[in-house]
Structure formats: C-alpha cells, structure tokens
Amino acid sequence: NPVTPTFQARRAADGVVAGARHVCEDFPTSSPASAQPTLPSARAALLRRLGAAVALSLMGAAMAQTAPAPAAPTPACDKPVYLSFRTGSMEVAPLVAVVLQRHKVRATFFASADPTPQGGDALDSTWAPWWKARGDEGHAFASQTRDEVLWLGDVRGKPPGFLVRPQLGAFAGRTFTWSAAKYCENIDVTADRLAHITGVNEMAAFRAPGDSVSPALVAAAKACGFRHVPTVPVAFLAEGANAPRSPTDKQVAQTVARVRPGDVLLAHLGVWSREVPQVPVGLEPLITGLQAQGFCFRTLREHPVYGSAGS
C-alpha cells in the first residue's frame with residue numbers, strides 16, 4: 001500500500017520510526033470519555049500527576065532515543081520460561097521496563113485498548129514511544145483483542161457463532177453473538193496497531209481475555225491466523241481484588257517453586273481497582289528467583305509452537 005500523507009503525519013505524531021510492515025488506519029479510542037472508570041478525588045489527583053510525569057518522561061525518552069545495539073546471540077537453554085504482561089492502566093509500565101532492562105529479560109506483551117489515567121488508552125499516541133522502545137529492546141507483542149472480548153459460550157449454527165462480552169469500549173458490559181470473522185477482526189485491529197507503534201511485525205498468536213475459550217473458538221481464531229496462548233497468572237502481579245500490593249518472600253518462593261519449564265507467566269501493567277498505583281515490587285525477586293533455579297527468559301517468538309509467527 002502507498003504511504004499516504006495521513007499515515008506519515010500519524011507516525012510523526014506517535015513518535016515512531018518508520019519501518020513497520022503494516023499500514024493501518026487510525027486506531028479509534030475504545031471508550032468515550034463518559035465510559036472511563038471514575039476515581040475518588042484523591043486518587044484521581046495522584047493519577048493525574050503520575051500521568052503527566054509519565055507522559056513527559058515518555059516524550060523525553062523518545063527525543064533522546066538512540067539506535068539500539070545489535071542483539072546478542074541467544075544462548076541455549078533447557079529450562080525456558082516465557083514472561084508476559086497484559087495491558088491495564090499502564091501505571092507501572094515504566095517501572096516494569098526498568099526492571100526488565102536491569103536483568104536483561106525480554107518478555108511478551110499482550111495488548112488491549114485499556115483506558116489510562118491520561119484519558120486515552122494503552123495503545124494511543126501518548127504511549128507510542130514507550131511501545132517503540134520495547135520493540136527496539138527485542139520484546140515480542142501480541143493481541144488480547146482490542147475490546148478485551150470475553151468468551152461466554154458457543155452458539156450453534158452454520159457457521160457457528162460465539163456469545164461474547166466486550167470489557168472495554170462503547171459496548172462494554174453488553175452481551176453479543178459474534179461470528180468468527182467479527183471476533184478475528186477484534187484480534188487483528190490490535191495486532192495491526194502493535195505492529196505500527198512498535199516497528200515489530202505481528203505474531204500469529206493472541207491471548208483470549210481471562211484465558212476463556214472453547215475448542216471451537218480456538219479453531220476459529222487459528223483459521224484466521226491467530227493461535228491462542230494459554231497463560232499462568234502470577235498471583236501477586238496479576239489482576240484481582242485479592243492480589244497483594246507487596247508480596248512476601250514466602251509468596252515469591254512459592255510461586256517460583258510452582259513454575260515449570262515452558263510456562264507462559266502472566267503479569268499485569270496496572271490494575272484500576274487498586275487504591276494506589278502498584279509498584280511491581282514482586283517482579284524483581286520473581287526474575288532473580290527463577291534465574292537462580294536455572295530458568296532462562298524467552299519471548300514467545302522463541303516458543304516451539306507460538307514462535308512460528310511472522311518476523
């Protein structure tokens with residue numbers, strides 16, 4: 001497709017270096033302002049300050065960005081583990097990036113258009129420099145459907161359909177019957193957006209929100225080019241009202257002991273329901289604990305099943 005002036009202007013606004021394979025249309029904000037979560041005034045003020053600081057740091061990082069060093073060869077590993085993150089409010093995303101850089105860990109990011117304290121979503125132009133920097137560092141990216149579409153059941157018919165409930169966007173909380181094509185479209189629009197803002201070609205893989213699927217849904221997604229990736233949530237870094245803000249050494253040790261080679265571990269980039277922004281204090285001891293047990297971190301591009309995606 002030809003590169004149009006609109007496309008060039010959008011990439012300039014995003015602060016993204018040209019080179020991604022996809023030319024995508026403008027990615028709409030999933031939720032109108034009226035649909036964004038409401039917050040207590042004190043927390044709202046805190047998040048506004050955090051949002052402004054994050055936005056400024058992202059812009060500064062983008063302006064100062066230099067070409068990344070060539071990636072070193074990946075050493076052999078017989079105990080691989082695949083650390084992944086799903087988008088959320090993005091409150092802890094800059095801190096997560098620092099921890100991953102410090103330990104030279106490459107991860108996989110599953111994305112939806114989650115609302116953020118800045119008033120946009122996790123895939124908008126405010127966050128584009130952050131995503132581009134992760135792409136330059138060698139991380140991998142995959143869709144989690146744009147509107148975090150939760151599968152509820154199969155609907156019989158020819159062709160079969162699916163009972164679903166979007167968790168984000170203008171139709172959040174409503175239940176629909178979707179065709180396979182409609183479901184795949186919601187996967188693809190995020191995959192395309194990720195390729196645009198990261199400069200990394202999309203993977204032929206996705207995560208179904210909540211890991212809620214049926215064999216029919218998995219087959220339908222595979223038929224349109226996306227293989228579902230089951231994940232293992234890390235309790236103290238995941239979503240949920242019972243997830244502690246500060247995991248104990250015992251909780252970290254128990255989590256490390258349960259990990260098996262080949263697991264795809266899932267953490268969260270910011271949970272709206274928590275009273276204050278969560279610093280991922282459990283991430284660093286999880287990484288060092290697994291490394292001490294002989295595990296090595298890989299992205300899903302290096303996975304024997306899911307790594308067959310485009311590159």
Side-chain angles (χ1 to χ4, degrees), residues 68-87 92-93 95-111 131 133-144 191 194-195 198-211 213 218 221-222 225-239 247 249 251-269 280 282-311:
T74 302
C77 174
D78 59 1
K79 291 180 68 176
V81 66
Y82 304 88
L83 179 62
S84 70
F85 296 86
R86 56 147 299 179
T87 49
V92 299
L95 298 171
V96 166
V98 169
V99 173
L100 296 179
Q101 291 165 357
R102 181 181 299 140
H103 294 280
K104 297 179 173 59
V105 169
R106 293 176 181 170
T108 301
F109 293 88
F110 294 106
W131 288 107
R134 306 291 78 74
D136 289 345
E137 291 166 354
H139 298 284
F141 310 93
S143 177
Q144 190 182 246
L194 283 168
T198 65
V200 177
N201 291 342
E202 68 184 48
M203 290 186 64
F206 85 107
R207 174 182 179 263
D211 285 299
V213 296
V218 170
K222 186 177 179 181
F226 295 97
R227 189 185 293 269
H228 170 59
V229 181
T231 59
V232 180
V234 179
F236 54 81
L237 296 176
E239 187 173 20
D249 292 343
Q251 288 171 316
V252 174
Q254 289 173 337
T255 298
V256 169
R258 287 194 293 265
V259 174
R260 297 293 177 264
D263 281 354
V264 181
L265 305 178
L266 182 71
H268 207 290
L269 291 178
L283 179 58
E284 197 148 30
L286 176 69
I287 289 173
T288 56
L290 288 170
Q291 289 174 332
Q293 294 298 317
F295 285 94
C296 51
F297 291 91
R298 297 289 183 263
T299 74
L300 286 177
R301 286 194 178 278
E302 302 162 272
H303 193 281
V305 174
Y306 310 117
S308 58
S311 58

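- Atom CZ in R207 sits 7.5 Å away from atom OG in S84 (nearest 0.5 Å).
- What you find for A191 and S143 is that their closest heavy atoms are N-CB, 3.9 Å.
- Between A111 and W131, the closest heavy-atom pair is CB-CH2, 4.2 Å.
- Here the closest heavy-atom approach between residue A107 and residue L100 is recorded as CB-CD1, 4.3 Å.
- Note that CZ of F206 is 11.5 Å distant from CZ of R227, once rounded to the nearest 0.5 Å.
- Taking every heavy atom of both residues into account, Q291 and V105 meet most closely at NE2-CG2, 4.1 Å.
- The OG1 atom of T198 sits 11.5 Å away from the CZ atom of R134 when rounded to the nearest 0.5 Å.
- For the residue pair D211 and V229, the shortest heavy atom distance occurs at OD1-O, 3.6 Å.
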TODO: Check step by step if side-chain contact (heavy atoms from CB on, under 4.5 Å) holds for F297 and K104.
DONE: CA-CA 9 Å; F297 291 91; K104 297 179 173 59; over 6 Å; no
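- A donor-acceptor pair is defined here as one N or O able to donate and one able to accept, closer than 3.5 Å; no such pair exists between the side chain of H103 and the backbone of T288.
- The closest donor-acceptor contact from the side chain of R298 to the backbone of H303 lies at 3.5 Å or more, if one exists at all.
- The aromatic rings of F85 and F109 lie parallel to each other, with less than 30° between the two planes, well short of the 60° mark.
- Formation of a donor-acceptor pair under 3.5 Å by the T231 side chain with backbone atoms of L265 is not found in this model.
- Once rounded to the nearest 0.5 Å, the distance linking CZ of F110 with CG of L194 reads 11.0 Å.
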Open item on the list: Pair R102, E284 - check salt bridge (Lys or Arg N to Asp or Glu O under 4.0 Å), show working.
Closed with: CA-CA 9 Å; R102 181 181 299 140; E284 197 148 30; 2.8 Å; yes
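- Here the shortest heavy-atom pairing between A142 and A205 reads CB-O, 3.5 Å.
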- [ ] Begin with the C-alpha distance, continue with both residues' side-chain angles, and end with the deciding distance and a verdict on side-chain contact (heavy atoms from CB on, under 4.5 Å) for M203 and R301.
- [x] CA-CA 8 Å; M203 290 186 64; R301 286 194 178 278; 3.7 Å; yes
TODO: For side-chain contact (heavy atoms from CB on, under 4.5 Å), just list the numbers for Y82 and Y306, CA-CA rounded to whole Å, side-chain angles, deciding distance to a tenth of an Å, and then say yes or no.
DONE: CA-CA 11 Å; Y82 304 88; Y306 310 117; over 6 Å; no
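- To the nearest 0.5 Å, atom CG of residue D263 and atom CZ of residue R258 are 11.0 Å apart.
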- [ ] For H268 and V92, run side-chain contact (heavy atoms from CB on, under 4.5 Å): C-alpha distance rounded to whole Å, both residues' side-chain angles, the deciding distance at 0.1 Å, then the answer.
- [x] CA-CA 9 Å; H268 207 290; V92 299; over 6 Å; no
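- Side chain of T108 to main chain of L300: a donor-acceptor pair is present (N/O by atom type, distance under 3.5 Å, no hydrogens or angles).
- For K79 (side chain) and L290 (main-chain N/O), no donor-acceptor pair under 3.5 Å exists by modelled atom type.
- The shortest distance between side-chain heavy atoms of V232 and V259 does not fall below 4.5 Å.
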